[in-house]
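In what follows, every heavy atom counts, from backbone to side chain, and hydrogens, waters and symmetry copies are set aside. Counting begins at 1 with the first residue of the sequence.
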Amino acid sequence: TVEGFRVYREKQTFSLDAPVVVLYGPNGLGKTSFFDAIDYVCTGRIGRLNQKRSPSEFARMATHLDKPPGSGSVKLEVRGEEGNESATWTLERSTGDWSNAWINGNRADRKTVIGRLSQANWLDRAPRQQAYENLFRATHLFGQDEHDLLADFKKESVIPEAFISDMLALQDYSQGISKA
């Protein structure tokens with residue numbers, strides 16, 4: 001659910017509960033803002049935009065023009081596995097505070113959010129936050145034919161193999177559609 005974020009002035013709710021979700025429409029309809037919203041709620045930043053902005057500049061840029069800076073919000077309902085059980089939890093973030101998110105109403109920092117979304121098992125090997133966010137964003141850009149990127153993945157990664165597999169499958173699907 002997106003409200004007061006980029007082009008989304010009014011509250012908009014999208015269902016992403018499908019193996020593949022396709023967004024199609026003319027320029028200015030909000031496709032890029034939709035992906036910016038997902039990036040923002042997950043990482044606290046918008047990766048495609050210059051990150052050397054102050055929090056107040058970001059709040060102004062990320063909030064819809066008709067809303068007060070910092071009043072926009074993005075909420076994501078996540079369904080997945082926690083332990084051996086299915087779980088649903090809610091992740092929320094406002095454009096006025098990029099450092100903190102809310103998971104089921106409890107404040108969470110950026111590292112906690114990205115770790116929970118990717119189901120990473122950190123142990124004592126937590127990477128730098130920015131490096132992990134970049135990996136989170138870029139995972140779908142790696143093709144399965146680029147084996148050198150994945151050579152030691154099973155042995156070295158703290159990110160679940162299923163998560164990476166889903167991202168690679170999406171990349172393959174995207175490449176197939178573009179070639180069709």
Side-chain angles (χ1 to χ4, degrees), residues 1-82 85-120 129-130 132-141 162-163 166-167 169-171 173-174 177:
T1 301
V2 182
E3 183 174 12
F5 182 87
R6 312 261 310 131
V7 302
Y8 296 103
R9 179 176 176 232
E10 303 301 323
K11 185 176 184 178
Q12 298 278 325
T13 300
F14 300 91
S15 175
L16 306 176
D17 193 15
V20 175
V21 175
V22 177
L23 294 178
Y24 175 78
N27 289 343
L29 206 61
K31 299 179 300 291
T32 300
S33 291
F34 172 83
F35 288 106
D36 288 347
I38 293 173
D39 188 9
Y40 182 64
V41 76
C42 293
T43 68
R45 302 290 190 274
I46 299 174
R48 68 181 190 83
L49 302 176
N50 180 354
Q51 297 304 313
K52 297 188 190 280
R53 299 180 192 274
S54 70
S56 61
E57 288 175 309
F58 179 84
R60 191 177 68 250
M61 179 202 66
T63 307
H64 188 276
L65 293 173
D66 291 345
K67 302 281 186 175
S71 66
S73 66
V74 182
K75 180 165 91 172
L76 181 67
E77 183 178 282
V78 181
R79 282 182 233 141
E81 300 290 321
E82 288 189 16
E85 298 182 19
S86 294
T88 301
W89 51 281
T90 303
L91 172 62
E92 299 179 71
R93 197 179 295 272
S94 104
T95 56
D97 182 6
W98 68 15
S99 296
N100 293 297
W102 300 91
I103 296 176
N104 293 337
N106 298 310
R107 186 189 328 239
D109 63 16
R110 293 168 56 215
K111 186 170 272 190
T112 300
V113 170
I114 204 78
R116 186 153 181 192
L117 283 168
S118 64
Q119 300 176 2
Q129 179 68 21
Q130 189 60 47
Y132 193 50
E133 287 173 6
N134 289 342
L135 176 62
F136 182 79
R137 284 185 187 106
T139 305
H140 68 282
L141 300 176
F163 178 78
D166 288 348
M167 294 298 99
L170 182 59
Q171 169 65 12
Y173 176 80
S174 174
I177 292 298

Do we see a donor-acceptor contact under 3.5 Å between the side chains of S94 and D97?
-> no
What's the spacing between W89 CH2 and I103 CD1 if we round to 0.5 Å?
-> 5.0 Å
Reported OG1-to-CZ distance for the pair T63 and R9, which is rounded to 0.5 angstrom | 13.5 Å
Report the distance from atom CG of L65 to atom CZ of R60, rounding to the nearest 0.5 Å.
-> 10.5 Å
Correct closest heavy-atom pair for V74 and Y40 would be CG2-CD2, 4.4 Å
Atom pairs and distances, side-chain donor-acceptor, residues 25-38, under 3.5 Å, sequence neighbours left out:
from	atom 1	to	atom 2	distance (Å)
K31	NZ	G25	O	2.7
K31	NZ	P26	O	3.0
D36	OD1	R48	NE	2.8
D36	OD2	R6	NE	3.2
D36	OD2	R48	NE	3.2
D36	OD2	R48	NH2	2.9

Closest non-hydrogen contact found for D66 with H64 is N-ND1, 2.9 Å
Closest contact, heavy atoms only, L91 versus C42 = CD2-CA, 4.3 Å
Ignoring hydrogens and geometry, is there a side-chain-to-backbone donor-acceptor pair from R110 to T43 under 3.5 Å?
-> yes
Lys/Arg N to Asp/Glu carboxylate O, R79 vs E77, below 4.0 Å = yes
Any pair with a residue in residues 99-108 that passes salt bridge (charged side-chain N to carboxylate O under 4.0 Å, His left out), sequence neighbours left out, goes on the list, sorted by first then second residue, please.
-> none
Nearest 0.5 Å please: distance from the NZ atom of K111 over to the CG atom of D109.
-> 8.0 Å
Say you draw a straight line from CH2 of W98 to CD1 of I46; how long is it, rounded to the nearest 0.5 Å?
-> 10.0 Å
Between atom OG of S54 and atom CE of M61, what is the distance when rounded to the nearest 0.5 Å?
-> 10.0 Å
Not counting sequence neighbours, which residues clear side chain to side chain donor-acceptor pair (under 3.5 Å) with S15? List them please.
-> none
Taking C-beta and beyond as the side chain, do V113 and R93 meet within less than 4.5 Å on heavy atoms?
-> yes
Distance-minimising heavy-atom pair for G96 and A59 = CA-CB, 4.5 Å
